[in-house]
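Below, read A as the first sequence line, B as the second, and so on, with proteins coming before strands; counting in each chain starts at 1.
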2 protein chains.
Amino acid sequence: MSITLKDVARFCGVDTSTVSRALHNDVRIKESTKQKVQKAAERLGYRPNIAARLLVEGHSHIFWFLVPTVGTSVDSRISEYASSHAARNGYDTAIVVHHGNQTDFERLTNNMGSGLAAGAIINRRDISDISKIHRLVEKKFPVVFIDVPVDSTNTISITTDNSLASKELVTRCLEAKASRFVLLFDPKRNIVEQYRYNAALDTIARNGAALIDANDPGAVKDFFNQNGTVAVLASAQSEIQAFFRSHAVAEPGLTIVAGCFDDWYGEPNPATTVFVAIQDYRSIAELAVDTLLGIIQGNKMTPMAPIVTLPIAEYRVVHNHFTT
Amino acid sequence: MSITLKDVARFCGVDTSTVSRALHNDVRIKESTKQKVQKAAERLGYRPNIAARLLVEGHSHIFWFLVPTVGTSVDSRISEYASSHAARNGYDTAIVVHHGNQTDFERLTNNMGSGLAAGAIINRRDISDISKIHRLVEKKFPVVFIDVPVDSTNTISITTDNSLASKELVTRCLEAKASRFVLLFDPKRNIVEQYRYNAALDTIARNGAALIDANDPGAVKDFFNQNGTVAVLASAQSEIQAFFRSHAVAEPGLTIVAGCFDDWYGEPNPATTVFVAIQDYRSIAELAVDTLLGIIQGNKMTPMAPIVTLPIAEYRVVHNHFTT
DNA sequence: CTGTTAGCGCTTTCAG
DNA sequence: CTGAAAGCGCTAACAG
């Protein structure tokens with residue numbers, strides 16, 4: 001068995017409550033006993049039993065960060081910032097993966113509600129049914145949604161202004177003289193894709209550029225076989241790259257540009273330039289944590305909109321260093 | 001307040017112990033009361049208080065996966081597999097980030113030892129002082145190290161056979177006719193880099209190929225300005241890419257190949273081919289989880305070596321689709 | 001300044 | 001088959 005308060009108390013010849021208070025730096029405890037107790041605790045290797053503390057206090061100091069997967073830029077960056085910011089406020093962060101799997105999601109949701117977590121930041125991407133969460137929220141469990149918003153009056157979502165970002169990416173491509181576009185956003189996948197698709201579509205139409213259907217092989221072939229400048233837009237690098245690899249040919253008179261979100265690794269070939277909308281991970285994370293803290297402390301000072309959208313942090317431009 | 005055992009008990013007109021047993025499907029409870037209790041618990045929305053359960057049972061069913069950062073391939077892949085495999089064995093996994101920061105690492109280590117975690121899988125990359133962990137291990141806290149091994153008799157580490165992998169990468173480059181090498185491994189950074197560096201060095205020397213010093217600007221310039229085939233090896237894509245971008249020129253008579261670990265995104269230009277050693281994330285993860293379970297169950301059946309090395313899962317070859 | 005006491009919600013003997 | 005009672009380790013009134 002490990003060392004408990006009782007052991008330290010016996011060792012020091014005081015009561016457990018005195019030890020507890022001494023270790024919490026209670027002002028009422030004499031400095032000398034504090035020293036004595038703290039030394040003893042250190043020497044005996046005392047570690048508080050979190051479960052017992054939790055049971056008494058009724059709430060933990062751990063946030064859960066519920067994500068579909070680690071390993072995507074959004075989730076990993078936001079969780080890094082969130083865990084740092086939470087730590088600054090005395091909370092630890094546990095990142096928990098739901099694999100986009102409804103069963104896992106609900107099991108984890110149950111566990112959250114069982115007192116292990118003080119609150120949760122949730123990316124519900126790939127999860128369709130979040131009624132369990134709504135039940136938790138009704139029971140005052142603090143929850144903030146992130147990235148993929150939820151449209152409901154009693155929840156708060158924090159996300160990037162995807163419409164604005166998508167519009168900006170199209171604009172950059174237009175400035176780079178693109179006159180024909182392929183959009184790889186899938187509006188049926190989720191609301192984020194939908195925003196990105198619609199805004200891009202709208203901007204393309206407004207500027208009289210041409211939209212080519214990515215699913216029409218003839219049109220796509222034609223897309224890469226004319227002169228001029230073309231643009232390919234998607235949420236992720238991998239989608240653009242897969243599209244290039246299955247369709248693109250390096251034509252002398254053709255210039256290819258691309259636009260995507262979050263990140264671009266490796267060289268952009270055959271594209272000459274890629275515009276990358278880097279989300280403001282830090283602001284999203286810190287706002288999520290602050291909001292969660294506000295809810296926990298019953299802070300109704302700042303009545304927030306159900307969905308808060310933040311602008312893109314930076315439009316990074318990746319150039320081709322090794323021309324095709 | 002939330003619904004407790006007592007509430008359910010009162011609602012059913014039975015004792016709390018009966019409710020507890022009914023919900024655990026205890027054989028001694030009459031089928032009819034079981035039904036009644038389970039229905040009531042469901043209807044009232046009863047959720048067990050994990051803290052209370054933990055307090056009496058003395059151990060949780062949560063593994064901690066302690067990583068320097070999420071967002072690198074190794075950590076994210078392994079944690080995905082580990083969390084799935086743990087779930088199959090009735091354990092949840094919390095991924096906790098130590099940011100390669102000694103203070104965070106030790107605080108989290110303390111928390112682990114406080115009963116919240118049943119055991120931990122640790123990637124101690126970027127953490128120099130792990131004496132706290134050794135103390136935990138002495139107190140029988142189940143720990144398995146992963147990726148970056150620890151050489152000590154009372155801990156178990158699971159890692160890739162980096163020497164073998166590095167040797168293989170060099171061999172592939174040699175087969176691709178590379179005669180001059182640059183190694184970007186940093187043997188001073190950690191033991192993994194050291195293994196990779198030494199094995200590569202050895203294989204290059206054995207085969208009579210030339211090693212060029214990456215820190216000598218003149219030598220590097222010369223490296224890219226001769227005809228023939230050259231190879232650049234590193235642990236991560238980003239290092240190779242940065243090296244290319246600051247030094248490489250596309251020369252007609254020069255062929256560039258590269259070798260690295262874990263992943264390659266985007267196009268490989270100016271390299272024509274990249275050999276990627278993909279670690280066996282799944283085996284590493286599952287072995288780590290199984291080992292942890294073994295330790296927890298006091299399973300001394302399989303006396304393991306302190307460091308277990310696994311072979312690479314796959315050598316992926318990435319070709320240049322859009323030639324320079 | 002410190003000890004006594006009660007109780008957090010649950011599991012688990014021990015009785016019956 | 002079920003109830004009574006103890007106790008996990010800790011915190012927080014309440015006394016003194």
Round to a whole Å and report the spacing from [atom1] of [X] to [atom2] of [N].
{"X": "Leu23(B)", "N": "dG9(C)", "atom1": "CG", "atom2": "P", "result": "16 Å"}
{"X": "Leu54(B)", "N": "dC10(D)", "atom1": "CG", "atom2": "C1'", "result": "14 Å"}
{"X": "Ile3(A)", "N": "dC8(D)", "atom1": "CD1", "atom2": "P", "result": "15 Å"}
{"X": "Leu5(A)", "N": "dG3(C)", "atom1": "CG", "atom2": "C1'", "result": "14 Å"}
{"X": "His59(A)", "N": "dG9(C)", "atom1": "NE2", "atom2": "P", "result": "14 Å"}
{"X": "Ile50(B)", "N": "dC8(C)", "atom1": "CD1", "atom2": "P", "result": "19 Å"}
{"X": "Glu57(A)", "N": "dG9(D)", "atom1": "CD", "atom2": "P", "result": "17 Å"}
{"X": "Asn49(B)", "N": "dC10(D)", "atom1": "CG", "atom2": "C1'", "result": "14 Å"}

Exercise. Mind checking whether Glu106(B) and Asp129(B) have side chains closer than 4.5 Å, heavy atoms only?
Worked result: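 Yes, close enough: below the 4.5 Å cut-off.
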
For this session: With the side chain counted from C-beta on, respond yes when Asn110(A) and Arg107(A) share a heavy-atom pair under 4.5 Å apart, and no when they do not.
Result: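 Side chain of Asn110(A) against side chain of Arg107(A), heavy atoms only: no contact under 4.5 Å found.
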
For this session: Could you tell me whether the side chains of His98(A) and Thr109(A) share a donor-acceptor contact shorter than 3.5 Å?
Result: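 Note: His98(A) and Thr109(A) side chains miss the donor-acceptor criterion.
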
For this session: Examine the base of dG9(D) for any acceptor or donor lying under 3.5 Å from a partner atom in the side chain of Arg47(A), and report the outcome as yes or no.
Result: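 Per atom types, no contact qualifies.
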
For this session: Scan Thr4(A) against the nucleic acid and name what it touches under 4.0 Å (heavy atoms): base, sugar-phosphate only, or nothing.
Result: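 If one applies the 4.0 Å heavy-atom cut-off, Thr4(A) turns out to touch the sugar-phosphate alone, with no base involved.
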
Exercise. Hey, does Asp15(A) reach any base, or is it just sugar-phosphate, or nothing, if we go heavy atoms under 4.0 Å?
Worked result: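 The residue Asp15(A) makes base contact.
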
Exercise. Using the ring of each side chain (for Trp, its six-membered ring), is Phe63(B) parallel, tilted or perpendicular to Tyr91(B), with breaks at 30° and 60°?
Worked result: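 Phe63(B) and Tyr91(B): parallel rings.
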
Kindly point out which of [options] is positioned nearest to the side chain of [X]?
{"X": "Pro48(A)", "options": "dG3(C), dG3(D), dC10(D)", "value": "dC10(D)"}
{"X": "Thr18(B)", "options": "dG3(D), dC10(C), dG3(C)", "value": "dG3(D)"}
{"X": "Ile29(A)", "options": "dT2(C), dC8(D), dG3(D)", "value": "dT2(C)"}
{"X": "His24(B)", "options": "dT2(C), dG3(D), dT11(C)", "value": "dT11(C)"}

Exercise. Is any side-chain N or O of Ser20(B) closer than 4.0 Å to OP1 or OP2 of dT11(C)?
Worked result: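 Yes, Ser20(B) has a side-chain N/O under 4.0 Å of OP1/OP2 on dT11(C).
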
Problem set entry | Below 4.0 Å: OP1/OP2 of dG3(C) and any side-chain N or O of Ser17(A) |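 The answer is no; no side-chain N or O of Ser17(A) sits under 4.0 Å from OP1 or OP2.
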
Exercise. Quick one: on DNA chain D, does Lys6(A) or Arg28(A) contact a more 5' nucleotide (nearest heavy atom)?
Worked result: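 Here Lys6(A) is the residue nearer the 5' end.
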
Problem set entry | Residue met sooner reading DNA chain D from 5', once Thr16(A) and Thr33(B) are mapped to nucleotides |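 The residue mapped nearer the 5' terminus is Thr33(B).
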
Problem set entry | Option among Thr159(B), Ile158(B), Ile156(B), Ile133(B) that satisfies the side-chain contact (heavy atoms from CB on, under 4.5 Å) test with Phe145(B) |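 Output: one option passes, namely Ile133(B).
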
